2 protein chains.
Amino acid sequence: MKIKNYYKNLPHKTIERLSQYRRALMICLDNGKTHIFSHEIANIQHITSVQVRRDLMLIGYSGTLRKGYNIQDLIEVISHIIDDEEGIKVAVVGMGNLGRALMKYVRGKRHKLEVVAGFDTNEEKIGKEYKGVTCYSIDDLEKVIDKLNIKLAILTVPAKYSTETAEKLVDAGIKGILNYTPKPIRVPEDVYLEEYDMITTLEKVAFYIKMHQEEEGE
Amino acid sequence: MKIKNYYKNLPHKTIERLSQYRRALMICLDNGKTHIFSHEIANIQHITSVQVRRDLMLIGYSGTLRKGYNIQDLIEVISHIIDDEEGIKVAVVGMGNLGRALMKYVRGKRHKLEVVAGFDTNEEKIGKEYKGVTCYSIDDLEKVIDKLNIKLAILTVPAKYSTETAEKLVDAGIKGILNYTPKPIRVPEDVYLEEYDMITTLEKVAFYIKMHQEEEGE
DNA sequence: TTTTGCCTGTTATTTGCTTAACAATGTGCT
DNA sequence: AGCACATTGTTAAGCAAATAACAGGCAAAA
Ligand SMILES: NC(=O)c1ccc[n+]([C@@H]2O[C@H](COP(=O)([O-])OP(=O)(O)OC[C@H]3O[C@@H](n4cnc5c(N)ncnc54)[C@H](O)[C@@H]3O)[C@@H](O)[C@H]2O)c1
Ligand SMILES: NC(=O)c1ccc[n+]([C@@H]2O[C@H](COP(=O)([O-])OP(=O)(O)OC[C@H]3O[C@@H](n4cnc5c(N)ncnc54)[C@H](O)[C@@H]3O)[C@@H](O)[C@H]2O)c1
């Protein structure tokens, strides 16, 4: 198959935007719209129409001249690219404040991304349900991941346990990790890793506020 | 002053890494270390030593040959660059699940970034304290922001209120917004905006899991 | 029918950042 | 003392992504 090789070369940023386009498109569809211009999508996302067209070119989707893109079709094309047919099962590892907020948030949001388990070490949480999802003991990680066919883990344990928990996840056969702890983790090549550090982002915003202040006070 | 012009040209990514270096360095300092090599910092952050040295070159900090960088000094230099001397006051706008988790998390983490207020529309939340921080009515936004000298807002309201709330924040004189809602917002040039969309990130991880699966099943 | 203008799709250029290459230098070892 | 080499600091090359430039074509207006 060459199609998948082709998608493989899509820029990471394009993948991100496709996800965003799709959500915007679904809202438009709900509002009864059937077609949309590149500059309309661009407006919603606050980017340029060139970028939208370029992204759509990369995935090989063509619109109609002077009519724009067929929303329904485009949603399907994007879904075919980014969604797994059978869906990807997700686990939240560390059912603390952030983990629970995320679980509640993700539940039912995207039907191809289903949160099917939580994990924790706290005895009081183990065995309980949260938003209809069972919280398992971290000791049963491998067993549960295997049984429920979980591929993706959202990591929200305290930072000092990041490394060891990541190792457990890898050993249990997880294929992708979204790490929300501020401690960077390391995974083998065949596991996809995405990290997000909130404090860094906050400090960055603060830096640019400061920068701008100093500029003004010149 | 040319120093600030100089910092202004630091790559965004370098700013992010400086924040991360500093946190790693503070842990090292606590452990009694006084000096550190570029490759040690690199190991902690899972990047290359070249990148670390390049970043430090950009901020004009010099280490000692065969001895590495003085941790205490480096922390101070980084702090001088990224911290505002007087500190930046932060508000959490939308005291829901995410907002409360964030408030609890950020409180006391960085003493130059202080969360001093929450805002909500829910009558039951208004006037209450959470982790020692008062939740105000969104109607008092301008008044409170002015009085408490709040510069940075973390936006965690429901997506459908993103746009109008962002406008209120701008009107109230906020200087930087960290938008955690999935709906992009627009701000004037003099307000710094950083957006993070969780669902996009999740879908991206899922995409690369799928990609890798298909590659294997070739 | 011709022309104007709008919108798509592609190729070229520029920009920002990372990685590689290497020059410089002082420390410890012999 | 002199040599080997670990480590820093700088310059150059390479990459990925964004932006700009423009070619193409149809629909509606004239
Ligand atoms: N709360 C936030 O808004 C926020 C924001 C950004 C990042 N983070 C990061 O997310 C992580 C969690 O934050 P939180 O505020 O939810 O903390 P929390 O203390 O509320 O939650 C941590 C949870 O992990 C569980 N846990 C502890 N050790 C574990 C282990 N070895 N295996 C599995 N579970 C374990 C705890 O029982 C608890 O339920 C931290 O690393 C934090 O730095 C939090
Ligand atoms: N929960 C998560 O883990 C998560 C993750 C990523 C993004 N988000 C986004 O963050 C936002 C909040 O998510 P949540 O789960 O905390 O939702 P939530 O419903 O728990 O919280 C929303 C809060 O905002 C308040 N609110 C409503 N309208 C308001 C207004 N006009 N001004 C001020 N406050 C108002 C509500 O009273 C409520 O307290 C949403 O946009 C969501 O998409 C949430």
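Chain naming here is simple, since letters A, B, ... match the order of the sequence lines and numbering starts at 1 in each. Owing to the predicted nature of the structure, the values given are computational and were not obtained by experimental measurement.
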> Testing B/Arg22, B/Glu16, B/Gln20 for side-chain hydrogen bond (donor to acceptor under 3.5 Å, both in side chains) with A/Thr200, which one passes?
Replying inline: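 Exactly one pass, corresponding to B/Gln20.
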>> Between A/Phe37 and B/Thr14, which residue's closest nucleotide on DNA chain C lies nearer the 5′ terminus?
In response: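 The answer here is A/Phe37.
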> Between B/Glu86 and B/Asn149, is any side-chain donor less than 3.5 angstrom from a side-chain acceptor?
Replying inline: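 Result is no, nothing qualifies.
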> Can a donor-acceptor pair be found between the side chains of B/Tyr161 and B/Thr181 at a distance below 3.5 Å?
Replying inline: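 No pair is found: no donor N or O on one side chain lies under 3.5 Å from an acceptor on the other.
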> Between B/Asp197 and A/Arg23, is there a side-chain N and carboxylate O pair less than 4.0 Å apart?
Replying inline: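 Yes, this pair counts.
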d([atom1], [X]; [atom2], [N]) in whole Å:
X: A/His35; N: D/dA27; atom1: NE2; atom2: C1'; answer: 15 Å
X: A/Lys13; N: D/dC15; atom1: NZ; atom2: P; answer: 18 Å
X: B/Lys67; N: C/dA24; atom1: NZ; atom2: P; answer: 24 Å
X: A/His39; N: C/dT8; atom1: NE2; atom2: C1'; answer: 12 Å
X: B/Ile47; N: C/dA20; atom1: CD1; atom2: C1'; answer: 16 Å
X: B/Ile15; N: C/dG16; atom1: CD1; atom2: C1'; answer: 14 Å

> Tell me, which of residues 49-66 of chain B have any heavy atom that sits under 4.0 Å from an atom in DNA chain C?
Replying inline: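 Only B/Val50, B/Gln51, B/Arg54, B/Leu65, B/Arg66 qualify.
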>> Tell me which residues in residues 190-201 of chain B lie within less than 4.0 Å of DNA chain C, going by non-hydrogen atoms.
In response: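 By residue number: none to list.
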Atom [atom1] in [X], atom [atom2] in [Y]: separation rounded to 0.5 Å?
X: B/Tyr105; Y: A/Met198; atom1: OH; atom2: CE; result: 6.5 Å
X: A/Asn70; Y: A/Tyr61; atom1: CG; atom2: OH; result: 5.0 Å
X: B/Glu142; Y: B/Ile150; atom1: CD; atom2: CD1; result: 12.0 Å
X: A/Asp84; Y: A/Leu152; atom1: CG; atom2: CG; result: 11.0 Å

> Taking all non-hydrogen atoms of both residues, which atom of B/Glu40 and which atom of B/Phe37 are closest, and how far apart?
Replying inline: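 Heavy atoms only, the tightest pair is OE1-N, 2.7 Å.
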> OP1 or OP2 of D/dT8 less than 4.0 angstrom from a side-chain nitrogen or oxygen of B/Ser38, does that happen here?
Replying inline: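 The answer is yes; a side-chain N or O of B/Ser38 sits under 4.0 Å from OP1 or OP2.
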